[in-house]
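Notes for the one structure printed next.
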Number of protein chains: 2
Amino acid sequence: MTTKSADTRAAILDRAVDIASTGGLEGLTIGRLAGELQMSKSGLFAHFGSKQELQLATVHEAARRFFDAVVAPAQAAPAGAGRLRDYCLRYVDYLGADVFEGGCFWSAVGAEVDDRPGPVRDAVRELLRAWLDELARHAGLAGVPDPEELAFEVYALVSGANAGLRLLGDDHAPERARAAIERRLPA
Amino acid sequence: MTTKSADTRAAILDRAVDIASTGGLEGLTIGRLAGELQMSKSGLFAHFGSKQELQLATVHEAARRFFDAVVAPAQAAPAGAGRLRDYCLRYVDYLGADVFEGGCFWSAVGAEVDDRPGPVRDAVRELLRAWLDELARHAGLAGVPDPEELAFEVYALVSGANAGLRLLGDDHAPERARAAIERRLPA
DNA sequence: CCTACCGATCGGTAGG
DNA sequence: CCTACCGATCGGTAGG
């Protein structure tokens with residue numbers, strides 16, 4: 001029975017993802033995490049062995065949550081224009097769906113790690129890269145002339161909506177992103 | 001002669017802006033800043049009185065740099081479509097112009113402060129708000145139907161280009177943003 | 001602008 | 001998973 005240990009680990013990561021979505025991966029300190037979960041620092045630490053391993057596990061747990069909220073439900077739509085459209089709509093909707101406590105996890109963490117070479121930055125980079133590739137792939141299937149350009153624009157608009165929502169407190173931001181994306185999607 | 005003290009303060013803030021553009025306002029520690037400038041922590045600290053005052057002064061110094069690089073040079077262009085176009089081009093170009101050591105200061109700092117209520121967040125928010133208002137104002141003068149929508153899209157695309165450049169290492173990102181903005185600008 | 005401190009917190013370890 | 005530590009660094013202060 002490794003179940004109890006696995007449950008504890010899952011509970012730690014669940015909280016870690018929300019802390020990091022708010023205060024970033026630096027704000028995710030072992031002391032704070034242990035305090036909130038009412039366990040000792042060293043007890044928690046033993047699950048990961050280093051701060052970096054905790055950060056990596058947190059990033060992958062965030063990817064799982066993003067996958068469940070945006071990617072998986074869209075698999076019902078047909079590949080190509082339908083899937084692309086579904087991805088985009090869910091991508092915008094996810095900002096207001098409280099998937100993460102601090103809004104888009106990738107916006108919160110992306111700017112933080114981009115200047116820090118290492119495995120954590122690489123993991124974030126590759127996950128974002130894979131998501132943009134998936135968007136571009138279905139844009140290509142839909143016959144869009146420059147699929148990578150479209151993927152870039154959608155990503156930028158959704159990130160912009162998150163910033164508008166969180167930093168400016170502008171509730172219209174997702175609607176603005178939706179309008180711009182709608183205008184850009186293939187008919 | 002308060003000149004020597006003012007010079008020191010200017011040198012501190014000059015370095016502080018670049019550190020914050022890389023490691024964020026939390027990465028901007030008094031110890032690190034003092035170390036790089038080869039002065040004592042307390043000597044440096046005396047110029048500001050608190051970490052928060054240092055952060056505020058750093059944000060305003062960053063605004064000055066952004067103004068000098070993007071806003072001021074565009075004043076030669078005529079109000080309306082011409083100015084709007086000039087703003088947008090310079091806004092994209094500024095990403096690759098090494099105005100800040102860590103790329104766009106506002107992208108680096110925006111996601112960091114958006115969950116931390118207080119004077120620092122308010123300052124960042126108001127500066128961004130003012131910039132978007134200025135973009136929208138000239139879009140309005142140019143006869144654009146929804147000036148705020150256009151300002152939002154331009155801001156999102158430039159932020160996206162910065163992320164593409166810094167996080168993904170995609171050198172095409174500014175060109176992609178430029179293309180999308182060009183398509184969106186009034187003829 | 002300095003030396004010399006302060007209490008708190010950081011990531012991490014020893015040893016159980 | 002715990003108690004009890006470690007050296008380093010944090011923001012900040014006293015006193016000059």
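All of these numbers come straight from a predicted model, not from anything done at the bench. Chain identifiers are assigned alphabetically (A, B, ...) following the order of the sequence lines, protein sequences preceding nucleic acid strands; residue numbering begins at 1 within each chain.
Separating the NE2 atom in H47(A) from the CD1 atom in I30(A) is a distance of 12.5 Å, to the nearest 0.5 Å. Atom CG of L128(A) is separated from atom OH of Y155(A) by 5.0 Å, given to the nearest 0.5 angstrom.
Nucleotide dT3(D) holds its C1' atom 16 Å from the CG atom of L44(A), rounded to whole Å. Rounded to an integer number of Å, the gap from Q38(B) CD to dC1(C) C1' is 15 Å. What separates CD of Q52(A) from C1' of dG12(C) is a distance of 14 Å, to the nearest Å. Atom-to-atom, CE of M39(B) to C1' of dT3(C) comes out at 14 Å; the value is rounded to the nearest Å.
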Report, one line per pair, each donor and acceptor closer than 3.5 Å where one atom sits in a side chain of residues 168-175 of chain A; sequence neighbours left out.
unit_1, atom_1, unit_2, atom_2, d
D170(A), OD1, H172(A), N, 2.9
E175(A), OE1, R178(A), NH1, 2.6

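A donor-acceptor pair under 3.5 Å is formed between the side chain of Q75(A) and the backbone N or O of V71(A). Judged by distance alone, with hydrogens and angles left aside, the side-chain atoms of R65(A) form a donor-acceptor pair with the main-chain N or O of D14(A) at under 3.5 Å.
Every side-chain hydrogen bond (donor to acceptor under 3.5 Å, both in side chains) that E182(A) has, sequence neighbours left out, goes to R85(A). The side-chain hydrogen bond (donor to acceptor under 3.5 Å, both in side chains) check on R184(A) picks up E153(A), with sequence neighbours excluded.
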### Task
Assess whether salt bridge (Lys or Arg N to Asp or Glu O under 4.0 Å) is satisfied between R183(B) and E149(A), documenting all intermediate values.
CA-CA 12 Å; R183(B) 219 180 305 119; E149(A) 171 76 21; 3.7 Å; yes
## Note on the structure
Its dot-bracket string being built from Watson-Crick and G-U pairs below 3.5 Å, with | for another strand and [ ] for crossing, DNA chain D has the pattern ||||||||||||||||
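For an aromatic pair to be called close, the ring centres must be under 6.0 Å apart, and Y94(A) with F66(A) satisfies this. With ring centers used as reference points, W131(A) lies under 6.0 Å from Y87(A).
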Contacts under 3.5 Å, N or O only, protein and nucleotides 14-16 of chain C:
none

What N/O pairs connect the protein and nucleotides 8-11 of chain D at under 3.5 Å? Give each pair on its own line.
unit_1, atom_1, unit_2, atom_2, d
dC10(D), OP1, T29(B), OG1, 2.8
dG11(D), OP1, K51(B), NZ, 2.8
dG11(D), OP2, I30(B), N, 3.1
dG11(D), N7, K41(B), NZ, 3.2
dG11(D), O6, K41(B), NZ, 3.4

